[in-house]
Amino acid sequence: MRVGVIGASGYVGGEVLRLLVNHPDVEITAVTSRKHAGQYLHRIQPSLKGFTDLTFSELDYDRLSEKCDLIITAVPHGSATEIVKAFYDRGIRIIDLSADYRLHNPQDYAKWYGWEHPHPEYLEKSVFGVPELHRDEIRDAQLVSCPGCMAVTSTLALAPLIKNDIIDTKYIVVDSKIGSSGAGAGAGTSHAMRAGVIRPYKPSRHRHTGEIEQELSALAGSTIQVSMSPHAVDVVRGILCTNHTFLKKETTTKDLWRIYRETYGSEKFVRLIRDQQGLYKFPDPKFLVGSNFCDIGFDVDTDNNRLIVMSASDNLMKGAAGSAIQNLNVMHGLDEMAGLRYTPLTPV
């Protein structure tokens, strides 16, 4: 399969390339960067030294359409709208890592992003790229839009509860902690200002809330609103979502194990973490770095009828590049673990 990557000079683009160079069924045929055209990839992404001799090129739609069977776009939010449309109209399959085609309702772009979508008719053509929820649709899709990192991590934790109708959907609170790489390579956050930080930066109306509400509402068959508050923390990679919900009926730990196992028992990239012994009783993003897993665990606060579901992932993997490769595999009928057979890195 011939794959091109658009905008591969950032963290996410670099991670996509790291995975693709070792994918057994992929040949990288084009990588674009307006700023670094003509430069060897390894000069911008030094981890690729010795894996590829490709150079960055300019974005040429006709040339790339001839050279590529699939395009992965890893450009900033707001920059992918025209790129995706151009390749879609040429009949090329696309996996988009921006937010530009994640939301199905055009009005949600005004609400969450503050701009009017220029091609609203294409939103209904896009499939939200979470194979655990939309595998059949992804398989036949021409355009797959990968989810935001906090959105996929919390949605996977909450979806089984919505499907089994055991929580009060009026009160869902998502408390997210995310590493510095989630801000992107061009964020300019110096180590001195980032070290030692636990910083709330968008306590309400974070844009990933729109994705979570979209997916949970579709599962529930009714409108669901979610309260999410993200915090920047002193790690490079990783997300921990502590999802607070309230039970509608008596639910035991055994019931919860059954619900999550029935939902994710056959999923290769969701692991259930709830141990009675040792230090690592619940999901911890430290033990997910470099992998495409989302770990989920839970606990019940019986005094307050509160169900706490914790979920963790590597924001650059399951929250971005790993999801892209998993979707690529689904779209082409490949083993979903192809190019993703990496255990987490420890220690980091």
Side-chain angles (χ1 to χ4, degrees), residues 1-45 47-49 51-102 117-119 121-123 125-127 129 138-146 184-186 316 320-334 338-339:
M1 187 194 323
R2 302 173 304 162
V3 176
V5 183
I6 309 299
S9 61
Y11 291 148
V12 171
E15 196 74 347
V16 168
L17 293 172
R18 178 180 76 87
L19 299 174
L20 289 178
V21 293
N22 287 307
H23 195 296
D25 301 294
V26 164
E27 176 191 2
I28 306 172
T29 52
V31 180
T32 77
S33 170
R34 193 182 324 169
K35 182 178 180 181
H36 302 293
Q39 295 284 326
Y40 284 109
L41 267 58
H42 64 76
R43 287 188 177 154
I44 310 303
Q45 304 288 2
S47 62
L48 298 178
K49 180 81 171 179
F51 286 89
T52 176
D53 292 324
L54 277 174
T55 59
F56 289 103
S57 63
E58 295 282 356
L59 175 55
D60 183 321
Y61 292 111
D62 292 332
R63 176 175 167 273
L64 265 66
S65 296
E66 292 177 359
K67 296 185 66 172
C68 304
D69 304 307
L70 180 140
I71 293 289
I72 298 175
T73 53
V75 297
H77 304 315
S79 302
T81 53
E82 302 304 326
I83 296 171
V84 167
K85 180 182 182 299
F87 283 113
Y88 191 98
D89 291 346
R90 286 168 169 80
I92 303 296
R93 302 186 89 179
I94 310 141
I95 297 174
D96 181 25
L97 281 156
S98 81
D100 292 5
Y101 288 89
R102 289 175 188 164
H117 202 286
H119 305 296
E121 68 277 13
Y122 284 76
L123 296 177
K125 304 177 189 295
S126 176
V127 176
I138 291 167
R139 191 174 288 117
D140 298 322
Q142 184 183 344
L143 169 59
V144 172
S145 183
C146 291
L316 292 179
S323 279
I325 305 309
Q326 187 181 356
N327 283 310
L328 178 153
N329 291 335
V330 173
M331 293 167 77
H332 289 84
L334 304 172

Approximate separation, where rounding is to 0.5 Å, of [X] [atom1] and [Y] [atom2]:
X    : Y    : atom1 : atom2 : result
L328 : M1   : CG    : CE    : 4.5 Å
Q326 : L334 : CD    : CG    : 12.0 Å
F51  : H42  : CZ    : NE2   : 12.5 Å
E15  : L316 : CD    : CG    : 5.5 Å
R63  : E58  : CZ    : CD    : 10.0 Å
Y88  : K125 : OH    : NZ    : 4.5 Å

[X] to [Y] - nearest heavy-atom pair and separation:
X    : Y    : result
P24  : G339 : CD-N, 3.9 Å
V144 : G129 : CG1-CA, 3.6 Å
G4   : T29  : N-OG1, 4.4 Å
S98  : P76  : CB-O, 4.2 Å
G7   : V75  : CA-CG1, 4.0 Å
A80  : D96  : CB-OD1, 3.7 Å

TODO: Give a yes or no on whether a salt bridge exists between E82 and K85, defined as a side-chain N under 4.0 angstrom from a carboxylate O.
DONE: no
Polar side-chain atom of [X] near backbone of [Y] as donor-acceptor pair, under 3.5 Å:
X    : Y    : value
D69  : R2   : yes
R93  : A141 : yes
Q45  : G13  : no
D100 : T81  : yes
T32  : L59  : no
Q142 : I92  : yes
R102 : C146 : yes

So does [X] have more than 12 non-hydrogen atoms from other groups sitting under 6.0 Å from [atom1]?
X    : atom1 : answer
Y122 : OH    : yes
R34  : CZ    : no
Y40  : OH    : no

- [ ] Taking the six-membered ring for Trp and the full ring for Phe, Tyr or His, determine whether the centres of Y101 and H117 are under 6.0 Å apart.
- [x] yes
Open item on the list: I need the single residue from V26, N327, L70 that forms a side chain to side chain contact (heavy atoms under 4.5 Å, CB included) with H332. Which is it?
Closed with: L70
Open item on the list: I need the single residue from I95, V84, V5 that forms a side chain to side chain contact (heavy atoms under 4.5 Å, CB included) with T73. Which is it?
Closed with: V84
TODO: Take I28 and L41 through the test side-chain contact (heavy atoms from CB on, under 4.5 Å) and record every step on the way to the result.
DONE: CA-CA 12 Å; I28 306 172; L41 267 58; 5.7 Å; no
Between [X] and [Y], is any pair of side-chain heavy atoms under 4.5 Å apart?
X   : Y   : answer
F87 : L64 : yes
L17 : T52 : no
D62 : R90 : yes

